[in-house]
> 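What follows is a structure written as structure tokens; I'll ask about it next.
By convention in this document, chain letters (A, B, ...) are assigned in the order of the sequence lines, proteins followed by strands, and residues within each chain are numbered from 1. This is a predicted model, so every value here is computed, not measured.
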2 protein chains.
Amino acid sequence: MPGSDVLDPTALLRAAGLKVTRGRVAALVALGEHSHSSAEQLHTHIAAGGVPMTLQAVYLSLQVLTEHGVLRRIEPAGSAARYELRVGDNHHHLVCTGCSRVVDVDCMVGEAPCLLPADAHGFSVQETELTFWGVCPDCAAQAATTREEGAA
Amino acid sequence: MPGSDVLDPTALLRAAGLKVTRGRVAALVALGEHSHSSAEQLHTHIAAGGVPMTLQAVYLSLQVLTEHGVLRRIEPAGSAARYELRVGDNHHHLVCTGCSRVVDVDCMVGEAPCLLPADAHGFSVQETELTFWGVCPDCAAQAATTREEGAA
DNA sequence: GGAATTTCTTGAATCGATCAAGTCTCCACG
DNA sequence: CGTGGAGACTTGATCGATTCAAGAAATTCC
């Protein structure tokens, strides 16, 4: 029964004109289960899933998939690159300054009203990237605990 | 006559409670003349200005100045970190996908109307970062030339 | 099922940035 | 003006993330 999972990795690869290999399928599956993971995290998840694959192969697959538009690569300042399945666009990211966790944030105001520069300095603008920085609940709790201990 | 240049480096350092050293002054002057430069570019500029300083010292100064809020550090995906004097806030950046050149872009819609996430997933949002990606005039011209040559 | 192409493995190398220890500079005090 | 101590700078090594290169294995088309 196809379509049981998020999306059929094989179909995705075929649609992108790419060979269907164990590594790429594993990368897509892992990313479907753990979105916004780094290459190393994916490598770990893939290994845990019982698929033997080197870290370099993960990098290679991610690079190819990104180049073919199957994945999107995000590179928050101060942490390794993270990847996500290119599902519906039009969302942005919220990054934790503590643990670098990334979550999706829907674009509030529908499309791109205020998301074009006033003066583009002659540039032809192709893309707008919106990133929110904050503290995730876990890190906030941890910080509170640390403060209490420090005060005690 | 103070204030002749963009801003007096010495005053900036004193205001931040930092020692006034040759290296820091040189870094500030270089940044004033070449905003959005990387550490290595600044190192080159400083050396060209006749101030002997190692690259590591540049990194160190930039780090300290950033931590003390004198500078802002921006890290566009795919290029080295860049720095700018923290003048009036409320502007964003436009990065060239070809040469990684960075230019300032004023925040159009005044403050932050659409710049808060709809659902923060429990995060306490501290900052919003808006980056535009495009092709600068130079790179566009170069691309056009290359295409012509390819076609000829 | 077999051959050609592409991918994956193994190992090294790169780039940007940081760390560590010793020396020197800046600045306050005498 | 001279000296002492904290902090900054130099030198050299190290690190993390990522990429490159060459040979071995897998995938696809026929």
> State, with a plain yes or no, whether a side-chain heavy atom of A:Glu129 is found less than 4.5 Å away from one of B:Pro76.
no

> Does B:Leu65 offer a backbone N or O that forms a donor-acceptor pair with the side chain of B:Arg24 under 3.5 Å?
no

> If we only count heavy atoms from C-beta on, is the A:Leu71 to A:Leu85 side-chain gap below 4.5 Å?
yes

> Which atom names give the shortest non-hydrogen contact between B:Leu55 and B:Ala39, and what distance separates them?
CD1-O, 4.0 Å

> Which residues in residues 17-25 of chain B have at least one heavy atom lying under 4.0 Å from any atom of DNA chain D?
B:Lys19, B:Thr21, B:Gly23, B:Arg24

> Measuring only between side-chain heavy atoms, which start at C-beta, is A:Cys139 closer than 4.5 Å to A:Arg101?
no

> For the pair made of CG in A:Leu28 and P in C:dT7, what is the distance, rounded to whole Å?
14 Å

> Share the residues that join A:Val95 in a hydrophobic cluster, the rule being Ile, Leu, Val, Met, Phe, Trp or Tyr side chains under 4.5 Å apart at the heavy-atom level.
A:Ile74, A:Val102, A:Trp133

> Can you find a pair of side-chain heavy atoms, one from B:Glu127 and one from A:Thr97, that are under 4.5 Å apart?
no

> Under 4.0 Å from any heavy atom of chain A: name the first and the last nucleotide of DNA chain D that qualifies, 5' to 3'.
D:dA17 to D:dT28

> Given atom CG of A:Leu13 and atom P of C:dT7, what is their separation to the nearest angstrom?
11 Å

> To check you understand the geometry: which heavy-atom pair defines the closest contact between A:Phe123 and B:Pro137, and what is its length?
CD1-CD, 3.9 Å

> Which nucleotides of nucleotides 12-18 of chain C have their base under 4.0 Å from a protein heavy atom (B), which only their sugar-phosphate (S), and which neither (-), written as one string 5' to 3'?
B---SBB

> Using every non-hydrogen atom in the two residues, find where A:Ala26 and A:Val51 come nearest and quote the distance to one decimal.
CB-CG1, 4.1 Å

> Taking the side chain as every heavy atom from C-beta outward, state whether A:Val70 and A:Leu13 have any atom pair closer than 4.5 Å.
no

> Could you tell me the separation between the CG atom of A:Leu65 and the P atom of C:dT7, rounded to a whole number of Å?
10 Å

> Return the minimal non-hydrogen interatomic distance between A:Ser100 and A:Ser79, and the atom names on each side.
OG-CB, 3.4 Å

> Should A:Glu75 and A:Arg73 count as an ion pair when the cut-off is N to O under 4.0 Å?
yes

> Please, which pairs that meet ring-ring contact (aromatic ring centres under 6.0 Å, His included) have at least one residue in residues 24-43 of chain B, sequence neighbours excluded?
B:His34-B:His45, B:His36-B:His93

> Between the two end axes of the helix from C:dG1-D:dC30 to C:dG30-D:dC1, each built from 5 base pairs, what angle do you get to the nearest 10°?
30°

